[in-house]
Amino acid sequence: MKELVGIAEQVAAKLIARQQTIAVAESSAGGLIAASLLAVPGASAYFLGGAVVYTRDARRVLMDISDEGMKGFRSSSEPYAKLLAEQMRGRFGSDWGLSETGAAGPSGNRYGDAAGHSCMAVTGPATEVVTLETGSSDRFANMQVFAATALKLLLGKLEG
């Protein structure tokens with residue numbers, strides 16, 4: 001968790017310096033992205049909110065994305081990660097949206113992705129979507145790597 005908070009401190013400094021805000025949607029990271037950002041003192045200056053969108057019901061209730069709205073998308077994919085980030089950004093009116101969706105393990109998901117598969121997206125003044133494959137079935141280790149990678153993705157956009 002220390003590594004996550006260290007990255008989050010860098011993200012926080014950049015967001016505060018720019019007077020910008022973030023909203024987060026995460027799935028298989030289980031709240032670690034939001035927890036890391038909130039562990040930094042002064043988080044209320046930049047963190048507007050987040051959601052753990054782990055199930056179909058959560059997607060509908062928390063993100064207002066209906067089954068119909070999922071036509072052409074599948075969970076644990078780059079287009080879905082981008083949709084989640086855009087949805088969070090729009091719903092919160094934040095400068096940035098950050099999302100993560102994947103399969104933490106120990107087994108893969110119902111879409112055929114192996115454990116350790118995750119897609120992340122950052123949207124805002126700059127947008128990027130990436131896929132990560134850890135090759136590991138260690139659930140908690142994957143959750144930490146997913147969260148760190150998402151935070152680093154955001155940090156890269158803030159530095160660029």
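Note that the CE atom of M143 and the CD1 atom of I33 stand 10.0 Å from one another [nearest 0.5 Å]. The line from NZ of K14 to CZ of R18 is 8.0 Å long, rounded to the nearest 0.5 Å. Atom CD of Q144 and atom CG of D138 lie 8.5 Å apart (nearest 0.5 Å). The OG1 atom of T21 sits 9.0 Å away from atom CZ of R89, with the distance rounded to the nearest 0.5 Å. Rounded to the nearest 0.5 Å, atoms OG (S76) and CG (D113) are 5.0 Å apart. Once rounded to the nearest 0.5 Å, the distance linking OG of S36 with NZ of K2 reads 13.5 Å.
Other residues, nucleotides and ligands contribute only 12 or fewer heavy atoms inside 6.0 Å of the CD atom of Q19. For K157, the NZ atom counts as densely surrounded, since its 6.0 Å shell holds more than 12 non-hydrogen atoms of other residues, nucleotides or ligands.
The shortest side-chain heavy-atom distance between P125 and Q20 falls under the 4.5 Å cut-off. At least one side-chain heavy atom of M70 sits under 4.5 Å from a side-chain heavy atom of S75. L32 has its side chain out of reach of F146: every pair of non-hydrogen atoms, C-beta onward, lies at least 4.5 Å apart. For the pair T131 and E133, the minimum side-chain heavy-atom distance is below 4.5 Å. Inter-residue side-chain proximity for C119 and V130 is flagged as unmet; no heavy-atom pair is nearer than 4.5 Å. Side-chain contact between I22 and F92 is absent, with no heavy-atom pair separated by less than 4.5 Å. The side-chain heavy atoms of M120 and V129, taken from C-beta on, include no pair separated by under 4.5 Å. In this structure the side chain of V53 never reaches within 4.5 angstrom of the side chain of E26, judged on heavy atoms.
Residues A148 and L4 share a closest heavy-atom pair of N-CD2, 3.3 Å. Looking at every heavy atom in both residues, V52 comes nearest to A58 through O-CB, 4.0 Å.
Remark: the backbone N or O of L132 is not paired with any side-chain donor or acceptor of S118 at under 3.5 angstrom. Here the side chain of R139 pairs no donor or acceptor atom with the backbone of A115 at under 3.5 angstrom.
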Applying side chain to side chain contact (heavy atoms under 4.5 Å, CB included) to V145 and T149, what does each step give before you reach the verdict? CA-CA 6 Å; V145 171; T149 303; 3.9 Å; yes
Show, in sequence, the C-alpha distance, side-chain angles and deciding distance for F47 and L38, and conclude whether the side chain to side chain contact (heavy atoms under 4.5 Å, CB included) test is met. CA-CA 7 Å; F47 187 87; L38 290 170; 3.5 Å; yes
Give the intermediate values and the outcome of salt bridge (charged side-chain N to carboxylate O under 4.0 Å, His left out) for residues E78 and K82. CA-CA 6 Å; E78 288 190 3; K82 187 176 179 203; over 6 Å; no
Test side chain to side chain contact (heavy atoms under 4.5 Å, CB included) on D95 and Y46 and set out the steps. CA-CA 9 Å; D95 296 291; Y46 58 86; over 6 Å; no
I would like to know whether I65 and L84 meet side chain to side chain contact (heavy atoms under 4.5 Å, CB included); could you show each step before the answer? CA-CA 9 Å; I65 301 171; L84 287 177; 4.2 Å; yes
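One hydrophobic cluster, built from ILVMFWY side chains closer than 4.5 Å, holds both I7 and F140. The cluster map of Ile, Leu, Val, Met, Phe, Trp and Tyr, joined by side-chain heavy atoms under 4.5 Å apart, puts V40 and L155 in the same cluster. Linking ILVMFWY residues whenever their side-chain heavy atoms come closer than 4.5 Å, directly or via other members, places M63 and F73 in the same cluster. Grouping the Ile, Leu, Val, Met, Phe, Trp and Tyr side chains by contacts below 4.5 angstrom, directly or via other members, places L15 with V122.
Note on D67 versus R59: salt bridge recorded, some NZ/NE/NH1/NH2 to OD/OE distance being below 4.0 Å. Using a 4.0 Å cut-off between charged nitrogen and carboxylate oxygen, E3 and K152 count as a salt-bridge pair.
If you run side-chain contact (heavy atoms from CB on, under 4.5 Å) between W96 and each of V24, T123, L154, V11, only L154 comes through.
Between the side chains of S28 and E100, at least one donor-acceptor pair of N or O atoms lies under 3.5 Å.
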